Number of protein chains: 2
Amino acid sequence: MSRTDEKTNWLNKTEMAAWISFIETIGDLQYSLDSDLRESSDMTSGDYQVLVYLSESPDRRTRMCDLAAQLNLTPSGLTRRLDGLVKEGSVTREVSNEDRRVQLAVLTPQGYRKLVAAAPLHVASVRHRFIDRLTTEQMKHLAAAFTSIREGLSE
Amino acid sequence: MSRTDEKTNWLNKTEMAAWISFIETIGDLQYSLDSDLRESSDMTSGDYQVLVYLSESPDRRTRMCDLAAQLNLTPSGLTRRLDGLVKEGSVTREVSNEDRRVQLAVLTPQGYRKLVAAAPLHVASVRHRFIDRLTTEQMKHLAAAFTSIREGLSE
DNA sequence: CCCATTTAGTTGCGCTCGCAACTATTGTGA
DNA sequence: TCACAATAGTTGCGAGCGCAACTAAATGGG
């Protein structure tokens with residue numbers, strides 16, 4: 001990283017303002033969105049992500065490893081998260097008949113109904129907390145900025 | 001997703017692009033910054049925040065409750081986080097002589113040295129992952145956008 | 001065809017942190 | 001003054017998740 005400890009390139013005013021506004025906001029924003037989802041639909045945003053991804057997958061099922069990659073979870077983390085969804089009946093596990101190592105996470109009708117009920121409320125929350133605070137121009141700038149950051153991360 | 005609910009105000013293309021770019025980026029970004037800090041200075045970003053805040057406080061000490069509010073931690077969460085910092089010698093606890101209920105978290109010389117060593121490397125990481133990916137104009141737009149979002153959260 | 005390697009997933013363990021209950025101290029109203 | 005409320009902090013417990021070790025199944029080089 002930095003090889004010269006003597007002269008650090010500290011952030012200037014503009015850089016600091018961007019950085020501070022970002023880190024001081026994302027925690028509260030995520031907390032608010034999570035609280036909204038918990039209150040309106042009794043689920044965590046993690047569970048919501050699982051249901052969304054499964055609902056968009058062919059036959060409403062995916063391999064565990066694909067799901068883990070999509071959700072940025074380790075295999076063990078995904079196993080535990082699915083345990084909860086299986087117990088409440090939103091998801092079932094099926095062994096793939098093409099590859100007996102893989103478990104398919106399958107969205108149940110009950111899980112789909114839960115997602116359908118939760119989605120409009122979640123969208124309203126995202127609007128209230130995020131979208132409604134931004135102009136169209138700001139949304140376009142923001143999308144460009146974060147896309148740029150994300151591309152930098154994957155080098 | 002649900003096409004049967006006509007009352008829901010789903011996100012349009014611009015809104016969706018802003019939202020997706022945001023949520024798909026912040027997880028990876030935080031993970032990268034945390035990994036950098038762990039590798040360069042053997043500390044978590046949570047511990048780093050504590051040291052920064054203490055170093056900027058009068059006499060390098062603060063009341064636990066003020067620290068908890070600043071870091072968005074519950075009292076119990078802060079107690080546990082300080083436990084680690086106390087054990088490694090970066091922070092000590094002192095009972096306030098004005099109010100004997102309050103514990104003061106005090107930054108030790110060793111903790112201060114650790115922060116001074118870590119800060120340039122952390123700034124370099126923030127530059128590499130965040131600042132360097134943005135133009136000056138993007139930084140200004142981003143600061144305005146997140147300030148607006150944060151103000152919305154605190155109503 | 002076989003055995004080493006790779007891949008998928010689960011489990012034990014540890015870490016972080018929130019909630020509820022608890023102690024200790026300070027503030028307040030009759 | 002005294003009882004009760006408010007405030008500061010710690011602890012037991014449990015949820016969520018990463019790491020390392022493990023089993024089981026597929027794959028590939030000889």
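Just the heavy atoms: all of them, side chains too, but no hydrogens, waters or symmetry mates, feed the values below. Everything numeric in this text was worked out from a predicted model, so none of it was measured. The sequence lines fix the lettering, A, B, ..., with proteins before strands; numbering per chain opens at 1.
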Options dC19(C), dG9(D), dT10(C), nucleotide nearest the side-chain atoms of Pro75(A): dT10(C)
Gap between atoms CZ and C1', on Arg81(B) and dG18(C) respectively (whole Å): 13 Å
Arg101(A) side-chain proximity, nearest of dT10(D), dA24(C), dA8(C): dA8(C)
Nearest-Å distance for atom pair NZ/C1', residues Lys87(A) and dG16(D): 13 Å
To check you understand the geometry: which heavy-atom pair defines the closest contact between Leu51(A) and Gly111(A), and what is its length? CD1-O, 3.9 Å
Nearest-neighbour nucleotide for the Thr74(B) side chain, dA26(D), dT10(D), dC19(C) considered: dC19(C)
Under 4.0 Å between any heavy atoms, over every strand shown, what does Arg80(A) touch: base, sugar-phosphate, or nothing? Just pick one. base
Are any side-chain N or O atoms of Ser96(A) and backbone N or O atoms of Gln103(A), one a donor and one an acceptor, separated by less than 3.5 Å? no
Nucleotide of dT10(C), dT7(C), dG18(C) approaching Leu73(B) most closely (side-chain heavy atoms): dG18(C)
Could you state the atom-to-atom distance from CG of Asp99(B) to P of dG27(C) in whole Å? 6 Å
Rounded to whole Å, the CZ-C1' distance (Arg38(A) to dG16(D)) equals 11 Å
Nucleotide nearest Arg93(A) when distance is taken to its side chain, options dT10(C), dC19(D), dT10(D): dT10(C)
Counting heavy atoms from C-beta on, name the nucleotide in dA8(C), dT26(C), dG9(D) closest to the side chain of Arg63(A). dA8(C)
salt_bridge(Glu15(B), Arg127(A)) N-O dist < 4.0 Å: yes
In terms of ring plane angle, is the pair Phe22(A) and Phe146(B) parallel, tilted or perpendicular, where the classes change at 30° and 60°? perpendicular
Between Glu98(A) and Ser76(A), which is nearer to the 5' end of DNA chain D once each is assigned its nearest nucleotide? Ser76(A)
Round to a whole Å and report the spacing from CG of Asp66(A) to C1' of dG9(C). 13 Å
On DNA chain D, nearest-nucleotide positions of Tyr31(B) versus Thr44(A): which is more 5'? Thr44(A)
Which nucleotide, dC17(D), dT25(C), dG18(C), lies nearest any side-chain atom of Arg100(B)? dT25(C)
Rounded to the nearest Å, what distance is computed from the CG atom of residue Asp83(B) to the C1' atom of nucleotide dC15(C)? 13 Å
Distance, rounded to the nearest Å, where Leu82(A) contributes CG and dG9(C) contributes P: 10 Å
Can you tell me how the ring of Phe130(B) sits relative to the ring of Trp19(A), calling it parallel under 30°, perpendicular over 60° and tilted otherwise? perpendicular
What is the distance from CG of Asp34(B) to P of dC17(D), rounded to the nearest Å? 16 Å
